[in-house]
Structures are given as structure tokens and as C-alpha cells.
Visitor: 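The structure's right below; bear with me while I get my questions together.
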Amino acid sequence: MRVYNTLSGRKEELETLEPNQVKIYVCGPTTYNYIHLGNARPLVVFDSLRRYLIYQGYKVTYIQNFTDVDDKIIKRSREKGENALELAAHYINEYFKDAAALNILPADAHPQVSRHMDDIIKAISILIAKGFAYEVDGDVYYRVRAFKGYGRLSGRSLEDMLAGARVEVDERKEEAADFALWKAAKPGEPSWDSPWGRGRPGWHIECSVMANKYLGDTIDIHGGGNDLIFPHHENEIAQAEALTGKPFVRYWMHNGFITVNSEKMSKSLGNFFLLRDVLERFPADAVRFYLIATHYRSPLDFDDGKLEEARKALGRLKTTLLLVNEFQQGNHSLKVKPEGEALNLNQAVTDLQQEFIAALDDDFNTARALGSLFEISHRINNYLASARPDRAMDQAAVAEAAAIFKELGEVLGIFIDRQQDETAGIDKVLDIIAAIRHFARQERDYQLADDIRDFLGAMGIVSEDTTGGTRFRYESPPKLSLLMEKLIALRSNFKSRKQYAQADYIRDSLQQAGIILEDTREGARWKIAEA
RNA sequence: GGGCGGAUGGCGAAGUGGCUAACGCUGUGGUCUGCAAAACCACCAUUCACCGGUUCGAGUCCGGUUCCGCCCUCCA
């Protein structure tokens with residue numbers, strides 16, 4: 001596999017420190033709010049990378065930190081009148097909900113700044129002892145000039161930076177570019193004891209200390225957003241390498257930004273979209289798909305239309321899953337040697353699988369890999385169009401192709417199962433409604449049949465008539481109560497037309513589904529039978 | 001001002017000098033269908049911001065021009 005290394009500015013063959021093992025550190029969020037879509041991009045990108053490396057047989061150690069001690073958190077906690085550490089803990093907790101929705105696998109460890117004070121203080125002490133840092137009035141600064149090679153990652157020299165500096169120069173610092181390792185506590189701020197008095201760590205030190213602690217002196221891949229290159233990652237290198245004397249990171253990978261109207265989405269610009277707000281309007285798998293449908297280093301412009309397009313595109317892939325499932329229903333595939341068309345299918349899918357892998361091997365090109373996945377989907381659909389469920393060879397061929405298709409979808413994490421809680425009951429009720437509609441169509445009562453379809457459509461349920469019956473599809477589960485309301489209305493209609501067979505059918509099949517229907521003078525009422 | 005990256009059809013987006021410029025969305029025609037949807041089949045960029053150059057051959061390499069984004073300040 002080749003990856004683009006920010007440090008060298010080109011794609012390099014991935015050679016891990018130890019064969020078949022990858023150590024990855026990804027910069028996680030500063031927890032002062034719910035995460036926004038921009039935060040979600042690296043999560044999804046690097047989670048997908050992780051899945052792919054595992055797929056390729058690597059043992060992956062994946063660490064993602066939380067920065068839970070920070071100026072912004074302190075500011076926010078003042079505004080809200082809350083304890084800063086509790087505020088951060090709250091958003092860490094909420095982070096996991098958002099991440100789970102996006103199908104992000106938990107990291108092997110999620111270290112937090114607040115729990116690594118001893119490690120951080122020790123690291124700073126060593127930096128001072130080695131001459132890479134100095135103390136001024138309870139603050140400790142990193143002496144940038146002492147670290148030769150500073151600026152290598154971001155491609156700039158110390159002189160450039162000093163020349164173009166827009167920052168106010170703190171007179172106490174030896175040089176404008178020096179950055180804080182430790183900040184003396186101000187009243188009301190969270191603080192810890194240290195050899196320089198009470199205070200808290202600067203922004204960059206936590207990442208190098210925790211990365212080294214969990215992954216060793218040299219790690220394979222360090223990931224994060226583009227904007228972290230400078231100063232965050234530049235400073236991490238300076239700290240870690242001054243400390244250990246060894247190369248800190250072999251491959252630096254940075255994702256591009258999400259923009260809104262071609263403007264960077266960021267908390268400071270205020271044009272950000274919280275992930276959970278987006279997830280209220282679009283399914284999580286569509287959001288995930290959208291985030292990897294573009295190469296990770298390219299900018300990604302956000303608007304609802306793009307998410308809608310992603311939803312439809314992903315829907316095409318999931319339709320294949322649905323069609324396969326339907327095709328396999330009630331049939332189990334036997335081991336049959338494929339021939340003819342079946343062989344062609346399996347050969348084509350295997351070839352496309354190789355293309356998929358080749359795409360990801362080339363700097364993790366998920367956009368290209370998805371292209372292969374669509375072609376696999378297309379091949380399977382095409383085969384299914386003329387396949388017969390009772391033919392053993394068709395079953396075998398489809399089973400094999402579908403297995404690969406699902407496997408590759410899993411590598412990208414885009415096949416997320418919808419919530420299953422009330423769904424079982426809902427599906428049964430839908431089946432009954434389907435049967436009624438089926439009867440109506442047999443009776444050529446198209447008005448009723450269309451009425452039912454329109455009702456379902458209004459609830460976001462798509463009904464599709466096939467030769468074998470009616471199939472229902474929905475993005476999010478409909479409300480059971482609304483379905484029942486409709487079913488009861490239908491039933492009362494049948495009753496008033498003295499179509500008792502249909503009316504009784506509804507009641508009987510509902511009972512079988514665990515729902516009891518009772519007639520009262522005011523109308524019917526329903527309840528779920530106790531188990 | 002300094003550094004980095006980008007400009008591909010109606011839209012999004014791949015494209016590792018050389019088969020007919022992937023793939024998705026949209027659109028058009030057809031098959032299927034009571035209607036519809038889904039699926040299937042077919043079609044939809046002589047052209048890759050512009051100008052030069054290298055080469056037998058360039059969207060792909062080099063130089064220049066225009067426009068755009070990002071970083072240099074907290075930020076994924």
C-alpha cells in the first residue's frame with residue numbers, strides 16, 4: 001500500500017516498523033461541544049483506513065485522544081457556569097454516541113489529557129533538562145530554535161515564520177515562535193501541581209506524550225485534519241523527537257476540509273453543522289458514505305443536496321443487498337461448480353474486488369474503490385434479473401458474489417443496520433397491509449390499492465409490486481400507531497361494506513402478530529399482547 | 001507578503017503519458033408493470049480553466065496566465 005506522506009510531500013510505500021503491525025494515532029476532538037461534520041470526516045476516514053488495514057491482515061493498534069483540558073473548554077465552562085472538567089467529560093460521553101451512529105469502531109484507547117498529568121509534567125521536566133524548554137514565571141516554553149528541523153512538516157523555515165508573524169509577541173518568550181508547554185494557572189481555572197507551580201499543559205504536549213506512551217517512541221501513522229499540520233503536528237514532532245531522540249512518526253496523513261459555500265466549516269466561523277443535527281435529517285450510513293465518496297485529501301463541499309445524492313447512491317448499493325436477500329429467501333445455496341454465466345459473474349466480481357483493493361492501496365482512494373463496488377452491485381443485479389431462485393447454480397453464484405460485495409462494504413463501514421427495536425412488529429403490520437392491498441388488486445379495486453400505497457408513501461414507505469408480492473422499503477421505521485390507525489380505518493371500511501372476510505382477516509392476522517384488536521362502540525382499539 | 005493544494009460533462013467525482021475520459025446523481029428512449037416504483041438494456045464530455053513547451057503521443061510532465069481554497073492565529 002502507498003500513502004501520501006505530508007512530511008515528504010509524495011506517496012510512499014507503507015513500510016511499518018514491525019511487519020504486519022500498524023500503530024496509528026489520530027488527533028481527536030477538543031471536547032467543548034458536540035462534534036460537527038468537520039470533526040466527523042477524519043473519524044470516518046481513519047476508521048475506514050483502520051478497517052482496511054485489518055482487512056489486509058495487519059494487526060492495528062489505534063489510539064485516539066480527547067483534549068479535555070483547554071482554553072476553549074474553560075471559556076465555555078465560564079459561559080455556562082459549569083466545572084470545566086465536568087463539561088469536557090459530558091461531551092466525551094456524547095462523542096461516543098455520535099461516533100457509534102457513524103459506525104466508528106472504538107479506539108484501542110482513548111487517552112485524555114486530564115488523566116496523564118504526571119506523564120506530561122515528567123516530559124516537560126526532561127525537555128527543560130535537555131535545554132529544549134525554559135521556565136518563565138510559572139510558564140514553560142519550548143525553545144523552537146533548539147530543535148533543528150523545526151518547520152519540516154509544514155514546509156516553512158523559522159525565519160519565514162518570524163517574518164510573517166501576525167501574533168502579538170509575548171516579551172517574556174525568547175522568540176516569538178516559542179510555544180507554551182505549561183501555563184501557570186489563573187484563578188478559577190482547572191490546575192495541577194507542578195515543579196513550576198500550579199498550572200495546566202499547553203495544547204501540543206499532550207498528544208506527543210500520549211502517543212509515545214501508548215504506541216512507543218516511533219509510531220507508524222499519525223492522522224488528523226489539514227489544519228493541524230501547523231502548529232499542532234509541527235510542535236508534536238519537536239517535542240517528541242527532542243524527548244526521545246528518535247523519529248516520531250513514519251507517515252503523516254492529513255485529510256482535507258469540509259467547506260460550506262466554499263468556506264471552511266469551523267466552530268470559530270460559526271458555519272458548522274453539528275453531526276447530530278445532520279443525523280436527524282439523513283441516515284447515518286448516507287453521511288458516512290458521503291464522507292468517503294471523495295478522496296480524503298480533497299476538500300469536500302457540504303450541502304443537503306450532496307447528502308441527498310449520497311443517500312440515493314448508497315440506496316442503490318443497499319438495493320442489491322435487498323434483492324439478494326429476497327432471492328435467497330427460503331433457499332439455501334449448495335456447493336455447485338459454477339459454469340457459463342455463473343462463472344462469468346464470479347470471475348467479474350473477483351476482478352472488481354482486486355480493483356477495489358488496488359484503489360485503496362493507492363493512497364486510500366475510497367472514491368475509486370466505491371466505483372468498483374457500484375460495478376459489483378451492477379453485475380449482481382444484472383445476474384439476478386434472469387436468475388431463478390430454484391436453480392442451485394444461480395444460488396451458488398449469487399451467494400459467492402454477494403459475500404464479496406458485503407465484505408467490501410464492511411471494509412468501508414457503509415452497510416449500517418437500521419434500528420431493530422419496534423421493527424419486527426412494524427414489518428408484520430406492513431405484511432398485513434400488503435395482503436389487503438394484494439386482495440384489493442385481485443378484486444381490481446385499484447382505488448383502494450392506490451389509496452394504501454399513497455398512505456404508505458406519505459409515511460416515507462415505498463411499496464413496490466413484484467410478481468411474488470409487495471415489498472416495502474423505508475429509511476426510518478414508521479410509527480406503529482399510525483400504521484394501526486390506517487389498518488383500523490381500512491377494517492371499518494370493510495365492515496361497513498359487509499366484507500367480513502377481509503375484516504376478520506385483519507383481526508386474526510394482527511392477533512398472530514401479537515396485536516390484539518377490540519371493537520368498542522367508539523371504534524376499534526388495539527394493544528400489544530403481553531408476552 | 002510567505003507556504004501548500006486545486007480548476008475534468010447539467011451536478012458530484014475518479015483518472016498512476018498511450019485501450020472507446022471510471023463511478024454516482026440527474027435526464028432521455030426501451031423491457032417489465034393495472035398504474036407506479038425498483039431492477040434490467042441503451043444513450044448522455046472529439047473533451048479535461050487559458051497560453052506556450054517537452055514527446056511519436058499529455059487531462060496526466062514542464063513554464064507562464066487567470067481564478068479558487070487552505071495554512072501562517074484557536075480549529076478536524
Side-chain angles (χ1 to χ4, degrees), chain A residues 2 6 9 11 26-30 32 35-46 67 70-72 75 151 154-157 159-168 177 203 223-232 234 254-259 262-269 272 289-290 293-295 297-301 303 305-306 308-317 319-320 322-323 326 355 358-359 362-363 365-375 377-378 380-386 441 444 446 449-450 453-454 457 462-467 470-471 473:
Chain A
R2 280 147 45 90
T6 306
K11 293 180 192 174
V26 176
C27 282
T30 299
Y32 66 105
I35 62 169
H36 62 72
L37 203 59
N39 297 302
R41 164 116 102 149
L43 298 180
V44 169
V45 164
F46 291 108
T67 299
D70 171 271
D71 290 348
K72 294 185 294 297
K75 181 163 176 274
S154 51
R156 66 193 86 203
S157 69
E159 280 60 39
D160 288 343
M161 276 178 266
L162 296 177
R166 293 192 268 161
V167 243
E168 274 181 52
W203 174 35
N226 231 328
D227 56 347
L228 294 182
I229 295 173
F230 189 89
H232 190 54
E234 194 69 71
H254 294 98
N255 61 273
F257 280 107
I258 292 187
T259 57
S262 297
E263 247 195 337
K264 176 179 166 181
M265 178 187 295
S266 75
K267 290 176 185 172
S268 46
L269 288 176
F272 61 90
F289 179 95
Y290 158 77
T294 298
H295 184 85
R297 285 195 285 124
S298 301
L300 181 51
D301 202 56
D303 65 57
K306 307 239 170 73
E308 180 59 20
E309 190 182 314
R311 194 186 63 76
K312 284 181 181 163
L314 176 63
R316 188 178 180 78
L317 296 179
T319 293
T320 295
L322 184 90
L323 293 174
E326 205 170 75
E355 284 181 20
D362 184 11
D363 194 26
N365 194 331
T366 50
R368 188 140 63 88
L370 282 173
S372 303
L373 206 55
F374 276 104
E375 292 191 53
S377 163
H378 170 254
I380 294 175
N381 291 349
N382 178 268
Y383 189 86
L384 246 23
S386 57
R441 289 175 66 226
R444 298 189 179 279
Y446 292 124
D450 288 353
R453 187 171 59 196
D454 290 347
V462 178
S463 44
E464 296 167 9
D465 297 333
T466 67
T467 43
T470 302
R471 154 168 87 221
R473 305 213 265 162

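Worth knowing before you read on, the calculation uses all heavy atoms, side chains too, and leaves out hydrogens, waters and symmetry mates. First the proteins, then the strands, lettered A, B, ... as listed; each starts at 1. Predicted model only: the values in this text are computed from it and were never measured.
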Visitor: Find out whether Phe374(A) and Leu317(A) are in side-chain contact, i.e. whether some heavy atom of one side chain is under 4.5 Å from a heavy atom of the other.
Guide: yes
Visitor: Taking OH from Tyr383(A) and P from rC40(B), how many angstroms apart are they, rounded to a whole number?
Guide: 16 Å
Visitor: List the atom of Gly38(A), the atom of Pro42(A), and the distance in Å for their closest heavy-atom pair.
Guide: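 For Gly38(A) versus Pro42(A), the nearest heavy atoms are O-CD, 3.2 Å.
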Visitor: Base, sugar-phosphate alone, or nothing: which one does Asn255(A) contact when heavy atoms must sit under 4.0 Å apart?
Guide: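 If one applies the 4.0 Å heavy-atom cut-off, Asn255(A) turns out to touch a base.
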Visitor: Quick check: closest heavy atoms across Ser372(A) and Glu355(A), and the distance to 0.1 Å?
Guide: OG-CB, 3.6 Å
Visitor: Please identify each residue that fulfils salt bridge (charged side-chain N to carboxylate O under 4.0 Å, His left out) with Arg453(A), with sequence neighbours left out.
Guide: Asp450(A)
Visitor: Between rG53(B) and rA58(B), how far apart are the two C1' atoms, rounded to whole Å?
Guide: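 rG53(B) and rA58(B) have their C1' atoms separated by 12 Å.
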Visitor: Please pick, from rC40(B), rA76(B), rA13(B), the nucleotide with the shortest atom-to-atom distance to any side-chain atom of Asn381(A).
Guide: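 That would be rC40(B).
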Visitor: Between rG34(B) and rC43(B), how far is it from one P atom to the other, in whole Å?
Guide: 29 Å
Visitor: In whole Å, what separates the C1' atom of rA13(B) from that of rG6(B)?
Guide: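 Between the two C1' atoms, the distance is 14 Å.
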Visitor: Between Arg453(A) and Leu37(A), which residue's closest nucleotide on RNA chain B lies nearer the 5′ terminus?
Guide: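 This one resolves to Arg453(A).
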Visitor: Under 4.0 Å, heavy atoms only, any strand: does Ile258(A) hit a base, just the sugar-phosphate, or nothing?
Guide: base
Visitor: Starting at CD of Glu464(A) and ending at P of rC40(B), how long is that distance when rounded to a whole Å?
Guide: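 Rounding to the nearest Å, CD of Glu464(A) and P of rC40(B) are 12 Å apart.
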Visitor: Choosing from rC40(B), rC70(B), rA36(B), which nucleotide comes nearest the side chain of Lys264(A)?
Guide: rC70(B)
Visitor: Taking atom C1' of rC11(B) as reference, at what distance in whole Å does atom OH of Tyr290(A) sit?
Guide: 14 Å
Visitor: If you measure from the Lys or Arg side-chain nitrogens to the Asp or Glu carboxylate oxygens, is any gap between Lys312(A) and Glu309(A) under 4.0 Å?
Guide: no
Visitor: Under a 3.5 Å cutoff on both atom distances, Watson-Crick or G-U, what's the dot-bracket for RNA chain B ([ ] crossing, | other strand)?
Guide: ((((((((.[[[..)..(....]]].(((((.......))))).....[[[[[..)....]]]]])))))))....
Visitor: Can you name the closest pair of heavy atoms from His254(A) and Gly225(A) and give their distance?
Guide: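 In this case the closest contact between His254(A) and Gly225(A) is CD2-O, 3.4 Å.
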Visitor: Do Asp450(A) side-chain and rG34(B) base share a donor-acceptor contact under 3.5 Å?
Guide: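 Per atom types, the contact qualifies.
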Visitor: Any heavy-atom pair between the side chains of Asp363(A) and His295(A) that's under 4.5 Å?
Guide: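 Result yes, sub-4.5 Å side-chain heavy-atom pair found.
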Visitor: In the structure I gave you, are the side-chain heavy atoms of Thr319(A) and Arg473(A) within less than 4.5 Å of one another anywhere?
Guide: yes
Visitor: Applying a 4.0 Å non-hydrogen cut-off, can you work out what Gly38(A) is touching in the nucleic acid: base, sugar-phosphate, or nothing?
Guide: base
Visitor: Hey, does Leu323(A) have a side-chain heavy atom less than 4.5 Å from the side chain of Arg471(A)?
Guide: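 The answer is yes, as the side chains (C-beta and beyond) meet within the 4.5 Å cut-off.
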Visitor: Any chance you could measure Leu373(A), atom CG, to Thr366(A), atom OG1, to the nearest 0.5 Å?
Guide: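 Interatomic distance, Leu373(A) CG to Thr366(A) OG1, rounded to 0.5 Å: 11.5 Å.
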Visitor: Of the nucleotides rA14(B), rC74(B), rC40(B), which one has an atom closest to the side chain of Ser298(A)?
Guide: rA14(B)
Visitor: When every nucleotide of nucleotides 2-7 of chain B is labelled 5' to 3' by its protein contacts under 4.0 Å (heavy atoms), B for base, S for sugar-phosphate only, - for none, what sequence of letters results?
Guide: BS----
Visitor: Give the rounded distance in Å between these two atoms: CG of Asp363(A) and C1' of rG15(B).
Guide: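 It is 14 Å, rounded to the nearest whole Å.
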Visitor: Apply side-chain contact (heavy atoms from CB on, under 4.5 Å) to Asn382(A) and list each qualifying residue two or more places apart in sequence or on a separate chain.
Guide: none
Visitor: Take atom P in rU16(B) and the same atom in rC11(B), then report the distance between them in whole Å.
Guide: 22 Å
Visitor: Of Lys306(A) and Leu228(A), whose closest RNA chain B nucleotide lies nearer the 5' terminus?
Guide: Lys306(A)
Visitor: Measure the distance from CD1 on Ile229(A) to P on rC72(B) and round it to the nearest whole Å.
Guide: 10 Å
Visitor: Which whole-number value in Å describes the distance from Leu323(A) CG to rA38(B) C1'?
Guide: 7 Å
Visitor: With heavy atoms under 4.0 Å as the rule, sort Asn365(A) into base, sugar-phosphate or nothing.
Guide: sugar-phosphate
Visitor: What nucleic acid atoms does Thr294(A) come within less than 4.0 Å of, heavy atoms only: base, sugar-phosphate, or nothing?
Guide: sugar-phosphate
Visitor: Are Phe46(A) and Asn255(A) close enough, and set up right, to give a side-chain contact (heavy atoms from CB on, under 4.5 Å), and what steps lead you there?
Guide: CA-CA 9 Å; Phe46(A) 291 108; Asn255(A) 61 273; 3.8 Å; yes
Visitor: For His295(A), answer base if it contacts any base atom (sugar-phosphate contacts may also be present), sugar-phosphate if it contacts only those atoms, and nothing otherwise; contact means non-hydrogen atoms under 4.0 Å.
Guide: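 Answer is sugar-phosphate: His295(A) comes under 4.0 Å of backbone atoms only.
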Visitor: Students often get this wrong, so: under 4.0 angstrom with heavy atoms, is Phe257(A) touching a base, only sugar-phosphate, or nothing?
Guide: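 The residue Phe257(A) makes base contact.
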Visitor: Write down the distance separating the C1' atoms in rA42(B) and rA7(B), rounded off to the nearest Å.
Guide: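 After rounding to an integer number of Å, I get 33 Å for this pair.
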Visitor: Between Thr67(A) and Asp70(A), what is the shortest heavy-atom contact and its length?
Guide: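 Closest approach of Thr67(A) to Asp70(A), heavy atoms only: CG2-CB, 4.2 Å.
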Visitor: Side-chain contact test, heavy atoms from C-beta onward, threshold under 4.5 Å: evaluate it for Phe289(A) versus Leu370(A) and give yes or no.
Guide: yes
Visitor: Measuring from Arg41(A):CZ to Tyr290(A):OH, what's the distance to the nearest 0.5 Å?
Guide: 8.0 Å
Visitor: With the criterion being N/O to N/O and under 3.5 Å, what pairs connect the protein with nucleotides 24-26 of chain B, and how long is each?
Guide:
from: rG24(B); atom 1: N2; to: Glu309(A); atom 2: OE1; distance (Å): 3.4
from: rG24(B); atom 1: N2; to: Glu309(A); atom 2: OE2; distance (Å): 2.6
from: rG24(B); atom 1: N3; to: Glu309(A); atom 2: OE2; distance (Å): 3.3

Visitor: Take atom CD of Glu308(A) and atom C1' of rC11(B), then tell me their distance rounded to the nearest Å.
Guide: 14 Å
Visitor: Please measure how far the P atom in rG9(B) lies from the corresponding atom in rA21(B), and state the result in whole Å.
Guide: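 Nearest-Å result for rG9(B) against rA21(B) at atom P: 15 Å.
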Visitor: Using the P atom in both, what is the distance from rU28(B) to rA14(B), to the nearest Å?
Guide: 27 Å
Visitor: Any side-chain N or O of Asn382(A) below 4.0 angstrom from OP1/OP2 of rC41(B)?
Guide: yes
Visitor: Look for any protein N or O under 3.5 Å of an N or O in nucleotides 16-19 of chain B and output each such pair with its distance, or none.
Guide:
from: rU16(B); atom 1: O4; to: Arg368(A); atom 2: NH1; distance (Å): 3.1

Visitor: Evaluate side-chain contact (heavy atoms from CB on, under 4.5 Å) for Lys11(A) paired with Asp362(A), printing each intermediate quantity in order.
Guide: CA-CA 8 Å; Lys11(A) 293 180 192 174; Asp362(A) 184 11; 3.0 Å; yes
Visitor: In whole Å, measure the gap between the C1' atoms of rG10(B) and rC44(B) for me.
Guide: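 Those two atoms are separated by 10 Å.
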Visitor: For the residue pair Glu234(A) and Ser154(A), what are the closest heavy atoms and their distance?
Guide: OE1-OG, 2.6 Å
Visitor: Identify which nucleotide among rA13(B), rA76(B), rA39(B) has an atom closest to any side-chain atom of Asp227(A), counting heavy atoms from C-beta outward.
Guide: rA76(B)
Visitor: Between P on rG69(B) and CE on Met265(A), what's the gap in Å once rounded to a whole number?
Guide: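 These atoms are roughly 16 Å apart.
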